[in-house]
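Worksheet for the structure shown next.
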Amino acid sequence: MIQCDVLTLDNKASGKMDLSEDVFGLDVRRDMLHRAVKWQLAKRQSGTHKVKERGEVRGSTAKIYRQKGTGRARHGSKKVSQFVGGGVTFGPVVRSHAHALPKKVRRLALRCALSSKHQEGKLVVLDSARLHEPKTKMLSDRVKAFGWHSALIVDSVDLDENLQRAAGNLGYVDVISSEGANVYDILKREFLVLTAAAVNDLEGRLK
C-alpha cells in the first residue's frame with residue numbers, strides 16, 4: 001500500500017490514507033495512455049464534414065455536346081468533377097470516427113494515468129470538496145493557496161453543486177464525478193485532486 005497525506009480544502013492536514021498499488025503504483029505505459037487518448041478524441045469528433053458528390057450537384061444531366069467530331073474529350077453530364085461547379089470525387093462524407101478499444105486496455109490506461117500523477121507528485125487527496133456558497137472567489141482563493149495553476153477535481157457521484165457552480169467560471173479548474181474519470185481529462189490538467197470518497201470509488205472500479 002502507498003501512504004498519502006489527506007488535506008482539507010483549506011490546505012490543512014487531515015490525516016493519512018492508504019492508496020492501492022494496483023491503481024496508483026503501476027509503471028506508467030505511455031503507449032496505453034496514447035491509445036486511450038486517441039480513442040477518446042476519435043469518439044468526440046463530430047464527423048459532420050460533407051461535400052456534394054456528382055449525384056447531388058444541381059444541374060442538367062443532358063449530354064453537353066455530341067460524342068464525336070468536336071475535337072474535345074468525350075463527356076456526358078456537366079456535373080462531373082472535371083468541370084467548375086461539378087461534384088467532388090472521394091470527398092469527406094458524414095461518418096463516425098469512433099473505433100473500438102478493449103475494456104482491459106481502457107482500464108489499464110486509466111490506472112496508468114492515476115499512477116503517473118502520483119509519481120510526478122501532482123496527486124492531491126482531500127477529505128472532502130464542498131463549499132458553503134457557490135462563490136467563484138471562494139474557490140479561487142483556495143486554489144491559489146494550494147498553488148494549482150491547472151487542476152482536475154474528482155469527487156464521488158454526489159457532486160457538491162456549490163463547487164460545480166464556483167468552478168464554472170474558472171477556466172483552469174474542472175470538476176467531475178468519479179464515474180466520469182477518464183484518461184484525457186486527467187492528463188490535460190497539471191494537478192489531479194481526488195476526494196477520499198473518489199479514491200474509494202476508483203479503487204473499487206479498477207481493482
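All of these numbers come straight from a predicted model, not from anything done at the bench.
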Could you state whether [X] and [Y] fall into the same hydrophobic cluster, counting links through intermediate Ile, Leu, Val, Met, Phe, Trp or Tyr residues with side-chain heavy atoms under 4.5 angstrom apart?
{"X": "Leu101", "Y": "Leu110", "result": "no"}
{"X": "Val173", "Y": "Phe191", "result": "yes"}
{"X": "Val199", "Y": "Ile176", "result": "yes"}
{"X": "Leu170", "Y": "Met138", "result": "yes"}
{"X": "Leu41", "Y": "Val183", "result": "yes"}

Are there over 12 heavy-atom neighbours, none belonging to [X], within less than 6.0 Å of that residue's [atom1]?
{"X": "Gln119", "atom1": "CD", "value": "yes"}
{"X": "Arg106", "atom1": "CZ", "value": "yes"}
{"X": "His99", "atom1": "NE2", "value": "yes"}

Once you round to the nearest 0.5 Å, how far does [atom1] of [X] lie from [atom2] of [Y]?
{"X": "His97", "Y": "Arg44", "atom1": "NE2", "atom2": "CZ", "answer": "14.0 Å"}
{"X": "His132", "Y": "Asp160", "atom1": "NE2", "atom2": "CG", "answer": "10.0 Å"}
{"X": "Leu194", "Y": "Ser156", "atom1": "CG", "atom2": "OG", "answer": "11.5 Å"}
{"X": "Cys112", "Y": "Leu187", "atom1": "SG", "atom2": "CG", "answer": "10.0 Å"}
{"X": "Leu192", "Y": "His118", "atom1": "CG", "atom2": "NE2", "answer": "11.5 Å"}
{"X": "Leu123", "Y": "Lys117", "atom1": "CG", "atom2": "NZ", "answer": "9.5 Å"}

Okay, side chain of [X], backbone of [Y]: is any donor-acceptor separation there less than 3.5 Å?
{"X": "Gln40", "Y": "Tyr184", "value": "yes"}
{"X": "Arg189", "Y": "Asp185", "value": "no"}
{"X": "Ser128", "Y": "Arg130", "value": "no"}
{"X": "Trp39", "Y": "Ala100", "value": "no"}
{"X": "Ser81", "Y": "Gly87", "value": "no"}
{"X": "Ser140", "Y": "Lys137", "value": "no"}
{"X": "Thr195", "Y": "Val125", "value": "no"}
{"X": "Ser115", "Y": "Arg111", "value": "yes"}

- Listed once per pair and sorted, the salt bridge (Lys or Arg N to Asp or Glu O under 4.0 Å) pairs that draw on residues 50-60, sequence neighbours left out: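 Qualifying pairs: Lys50-Glu56.
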
- Message: With side-chain hydrogen bond (donor to acceptor under 3.5 Å, both in side chains) as the rule and sequence neighbours excluded, what pairs involving residues 16-36 come up?
- Response: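 Listed by first then second residue: Asp5-Lys16, Arg29-Asp31.
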
- Sequence neighbours left out, what pairs pass side-chain hydrogen bond (donor to acceptor under 3.5 Å, both in side chains) with at least one residue falling in residues 198-207?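 Listed by first then second residue: Ser178-Asp201.
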
- side-chain contact (heavy atoms from CB on, under 4.5 Å) between Asp155 and Val175: does it pass, once the steps are laid out? CA-CA 8 Å; Asp155 201 354; Val175 178; 5.7 Å; no

- Using the side-chain contact (heavy atoms from CB on, under 4.5 Å) rule, take Leu26 and Leu108 through it: C-alpha gap first, then chi angles, then the decisive distance, then the call. CA-CA 9 Å; Leu26 296 181; Leu108 177 57; 4.0 Å; yes

What closest approach, in Å, do [X] and [Y] show between heavy atoms, and which atom pair accounts for it?
{"X": "Val6", "Y": "Leu126", "result": "CG1-C, 3.8 Å"}
{"X": "Ser177", "Y": "Leu159", "result": "N-CD1, 3.8 Å"}
{"X": "Leu202", "Y": "Ala181", "result": "CD2-CB, 3.9 Å"}
{"X": "Ala109", "Y": "Leu33", "result": "O-CD2, 3.4 Å"}

Residue pair [X] / [Y], side-chain heavy-atom distance below 4.5 Å:
{"X": "Phe146", "Y": "Val193", "value": "no"}
{"X": "Lys188", "Y": "Asp174", "value": "yes"}
{"X": "Leu114", "Y": "Leu19", "value": "no"}

Between side-chain atoms of residues 59-66 and protein atoms elsewhere (two or more places apart, or another chain), which donor-acceptor pairs fall under 3.5 Å?
unit_1, atom_1, unit_2, atom_2, d
Ser60, OG, Ala62, N, 3.0
Lys63, NZ, Gln67, OE1, 2.8
Lys63, NZ, His75, O, 2.8
Tyr65, OH, Ala73, O, 2.6
Arg66, NH1, Lys68, O, 2.7

- Task: Scan Asn11, Asp10, Thr8 and name whichever one has a side-chain hydrogen bond (donor to acceptor under 3.5 Å, both in side chains) with Arg142.
- Result: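 Testing each of Asn11, Asp10, Thr8 against Arg142, the sole residue satisfying side-chain hydrogen bond (donor to acceptor under 3.5 Å, both in side chains) is Asp10.
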
- Query: Which residues, ordered by chain and number, are linked to Val57 in its hydrophobic cluster, where ILVMFWY side chains connect at heavy-atom gaps below 4.5 Å, directly or through other members?
  - Reply: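 Via sub-4.5 Å side-chain contacts, Val57 links to none.
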
- Message: Tell me every residue that passes salt bridge (Lys or Arg N to Asp or Glu O under 4.0 Å) with Lys122, counting only those two or more places apart in sequence or in another chain.
- Response: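 Here the qualifying residues are Glu190.
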
